[in-house]
Structure formats: structure tokens, C-alpha cells
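Okay, structure first, notes after.
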Amino acid sequence: MPMYQVKPVFGDDVKIDLPTCMYKLPNIHAQRSASSCSEHALQNGGTEVDPAFRDLEVRQDEIMRRLYELKAAVDGLAKTVTTPDADLDQTVTSLSQSPTATAFRGTADLDSLLGKDLGALRDIVINANPARPPLTLLVLHAMLCQRYRVLSSVHVHSSVSGVPAQLLSCLGPRHADSYVRQRFQLGFTLIWKDVSKLQMKFSIQNMCPIEGEANVARFLFRLVAPYPSDPALATLVDSWVDTAFFQLAEGSAKERSAVLRALNGALGRDSWLAGPELSLADIACYCCVLQTGPAASSPANVQRWLKACENLGHFGPAHPLLQ
């Protein structure tokens, strides 16, 4: 039995409403009615939106837009940075060729040839040995610059040293103004490196490296002009390209003499080696003929053809490397 007893202060039937939260605020995510002209969230129980919030929203949209542009630039850089050849000793010079026209030309062609790319631009990275400069690639680079907006750069890998000045400026003069990668369609990066064969990497995620100057030249030429649709003519082009690199450039003196005779005979019948216009066959044979000796020692038809090639203006970048 308890020592003492106290009667309850309240009865058992007292009902007390307990709060479900500490405090309440109006729902800022509620949408205005259809008759309202504002599309922003309500504030303070239906009053007009504070102008400060509008300014904050505009600022946030601008930041997001800039972030998307930055992401596109980083995606484009990743193609070069993530290659195994990114261990460059030093960036020697940065070059860019940018036509004066503001509108992009050939974007649809690039999409159809290379697939749509969400990056800032498509990067072509080429490793070449300075002891054997790739003349055909310099000619094709000049042709690419006439069709697309090309951001070009030359680098020196740590495996080589003492690269001549003409090799450092082989893609054109230094671009004096600042540039943004999004303004360009193609990135053309030439790395002077101690490699046995010329190598090209375009899409490191989806494609194996391309080796050999002839194969890289075929890839680049398709960005400038389509290959002949006639199978016989396309085979003729490929035959002259292989003949140029394997017999003119790397063959014996007897093989080179035989090729020059074949060139002289073919050019006696037509102005160009394959078809009515300049093709990759002419570009490859032109560069290899000049690399094997002076033009004056070539047969008459070959000399006439060499002058016709030079009159087109595409072969200017290759001449300084022959001196």
C-alpha cells in the first residue's frame, strides 16, 4: 500500500494536438495558375517573385551554358590527352589555320564520313619521324585547311631532339590571336617522334592506330574528296599510291627508273594519273618523285605534270622540307 496518493491533475479524456513539424513554409514549387503571366515558382503564399530570384535564375542558366561549353572542350581534349603519346617533352609551337569565313563548311560531310561527334572538334594526332618528313600529309593538310576550319599544332616528343626549324613551322605560321577550340572543326596535331612507321590516331575509343604514310594519306584524302566510285579507277589510284611509296620512295635505283618510265607513259596519254582531275595518286607520286631526286632529271611528261601540280598551290608546304 502506497505511503500517499495524489489525484490526477487532468482527466484521462483530455485530447492534445501535437504538431507534425517544427514550423511551416509555403510551397515554393507550386505552379501559378494558367491565368498567371509568370512561369516561376510562388513565393510568400502567392505574391510576385522577387527580382533577385529572377536574376539568380538567369545567372544559373548562364553558368550551366558555360559549363556545357567547357565539357565539350574537355571532351575534345581527351582524345589527345588520353593517348599514349601524350608524354611530350615540350610544346614547341602552337599553330592554327582559320579561314576568314565565320560559317562552318563541310560539317555535314564530316558527320557522314566520321560519324557525329559531341566533342569540341575532331582531333587527328600523327606521330612522324623527323628523319623522314611526310610530305604527302603536309599537302593534304593544306587541302584540309581550304575545306574546313583546322586547328593545327606541332609538338616534339622527348624521344627526339634538335628538330630543324622548318619542321616546327611546317603547318603554317603561328596564330597571333587567342583561339577557342569550339570555333574549329578539325584538330591536326603533328608530333615529331622517334617511330619506325608513321602513325595516326583519330578516335582512340573506337579505332586502332593507322600505320604507314600511304594508309594515313588515304584516310585524310577522303576528308577532302571522295574516292572514285568506279572500282577500276579506285584500284588504279591505290596502285599508283603503293607504287609511289614502295618503289619510288623505298625501292632500288632500278625500280625508281622503271616507275619514272611508267609515269612518263601514263602522263603522255592523260593530264593526271587517274581520272580527269587531281587525285591521291598524283599527290603521292609528286611527293615521292621530288624526294628521290631533282625534277630536272625526270622525263619530259613527268616534268610537265610536276609543274601542273605546283600551279594548283597545294604543294607549297612540302617544298621547304626538300631543301
Side-chain angles (χ1 to χ4, degrees), residues 126-143 159-160 162-167 170 190 192-200 210-221 232-275 277-323:
I126 296 175
N127 297 323
N129 197 318
R132 298 182 297 277
L135 299 185
T136 57
L137 302 193
L138 301 185
V139 176
L140 291 170
H141 171 265
M143 298 175 72
S159 59
V160 298
V163 177
Q166 61 267 27
L167 296 184
C170 62
L190 178 60
W192 295 116
K193 183 179 179 181
D194 186 12
V195 291
S196 58
K197 289 185 179 180
L198 186 135
Q199 302 170 348
M200 190 204 80
I210 298 177
E211 290 192 346
E213 186 173 348
N215 295 325
V216 175
R218 288 186 177 98
F219 179 90
L220 296 179
F221 186 79
L233 200 56
T235 302
L236 180 61
V237 172
D238 284 330
S239 176
W240 277 119
V241 171
D242 290 336
T243 299
F245 286 107
F246 295 118
Q247 295 183 357
L248 269 178
E250 300 178 3
S252 62
K254 184 176 180 180
E255 288 178 310
R256 289 195 292 269
S257 299
V259 173
L260 287 176
R261 289 194 299 270
L263 282 172
N264 193 60
L267 294 170
R269 298 185 296 270
D270 297 296
S271 299
W272 305 105
L273 291 176
E277 298 179 351
L278 178 83
S279 68
L280 182 59
D282 300 285
I283 297 174
C285 290
Y286 173 93
C287 294
C288 292
V289 166
L290 292 187
Q291 282 180 310
T292 57
S297 61
S298 302
N301 292 333
V302 175
Q303 292 188 35
R304 174 186 55 78
W305 165 74
L306 291 174
K307 292 180 180 179
C309 291
E310 293 172 359
N311 290 336
L312 296 178
H314 304 310
F315 300 86
H319 291 162
L321 275 65
L322 294 171
Q323 301 174 356

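The shortest heavy-atom contact between Leu260 and Val302 is O-CG2, 4.0 Å. Counting all heavy atoms, side chain and backbone alike, Gly275 lies closest to Leu233 at N-CD1, 3.9 Å. Shortest non-hydrogen contact noted between Cys288 and Ala244 is SG-O, 3.3 Å. Residues Ala217 and Thr136 share a closest heavy-atom pair of CB-OG1, 4.3 Å. For the residue pair Gln247 and Glu255, the shortest heavy atom distance occurs at O-CB, 4.3 Å. Here the closest non-hydrogen pair linking Phe245 and Ala214 is CD1-CB, 3.5 Å.
Atom CG of Asn264 sits about 10.0 Å away from atom CZ of Arg269, to the nearest 0.5 Å. Distance check: Leu140 CG to Phe219 CZ gives 11.5 Å after rounding to the nearest 0.5 Å. In this structure, NZ in Lys193 is found 5.0 Å from CG in Asn127, a value given to the nearest 0.5 Å. Here the CG atom belonging to Asp238 is positioned 8.0 Å from the CG atom belonging to Leu280, to the nearest 0.5 angstrom. Distance CD1/Ile283 to CG/Leu220: 10.0 Å, rounded to 0.5 Å. A distance of 11.0 Å separates CD of Glu250 from CZ of Arg256, quoted to the nearest 0.5 Å.
A heavy-atom distance below 4.5 Å is found between the side chains of Trp240 and Leu263. Residues Leu190 and Leu137 are not in side-chain contact: their nearest non-hydrogen atoms beyond the backbone lie 4.5 Å or more apart. Between Leu290 and Phe315, the closest side-chain pair of non-hydrogen atoms is not below 4.5 Å.
Remark: Arg132 pairs with Asn129 by the side chain to side chain contact (heavy atoms under 4.5 Å, CB included) rule, at least two apart or across chains. Taking the salt bridge (charged side-chain N to carboxylate O under 4.0 Å, His left out) definition, one finds that Asp242 meets it with Arg218, sequence neighbours left out.
Looking at Trp192, its side chain does come within 3.5 Å of a backbone N or O of Leu167 through a donor-acceptor pair. Judged purely by atom type and a 3.5 angstrom limit, Arg304 has no side-chain atom pairing as donor or acceptor with the backbone of Ala300. Looking at Asn311, its side chain does come within 3.5 Å of a backbone N or O of Lys307 through a donor-acceptor pair. Under the 3.5 Å distance criterion, the side-chain polar atoms of Ser239 are left unmatched by any main-chain donor or acceptor of Thr235. Side-chain atoms of Ser159 come within 3.5 Å of backbone atoms of Asp194 as a donor-acceptor pair (strictly under, hydrogens ignored).
Evaluated for a side-chain contact (heavy atoms from CB on, under 4.5 Å) with Asp282, the options Leu306, Val241, Val139, Leu273 yield exactly one hit, Leu273.
Between Trp305 and Tyr286, the angle of the ring planes goes over 60°, which puts this pair in the perpendicular group of the 30/60° scheme.
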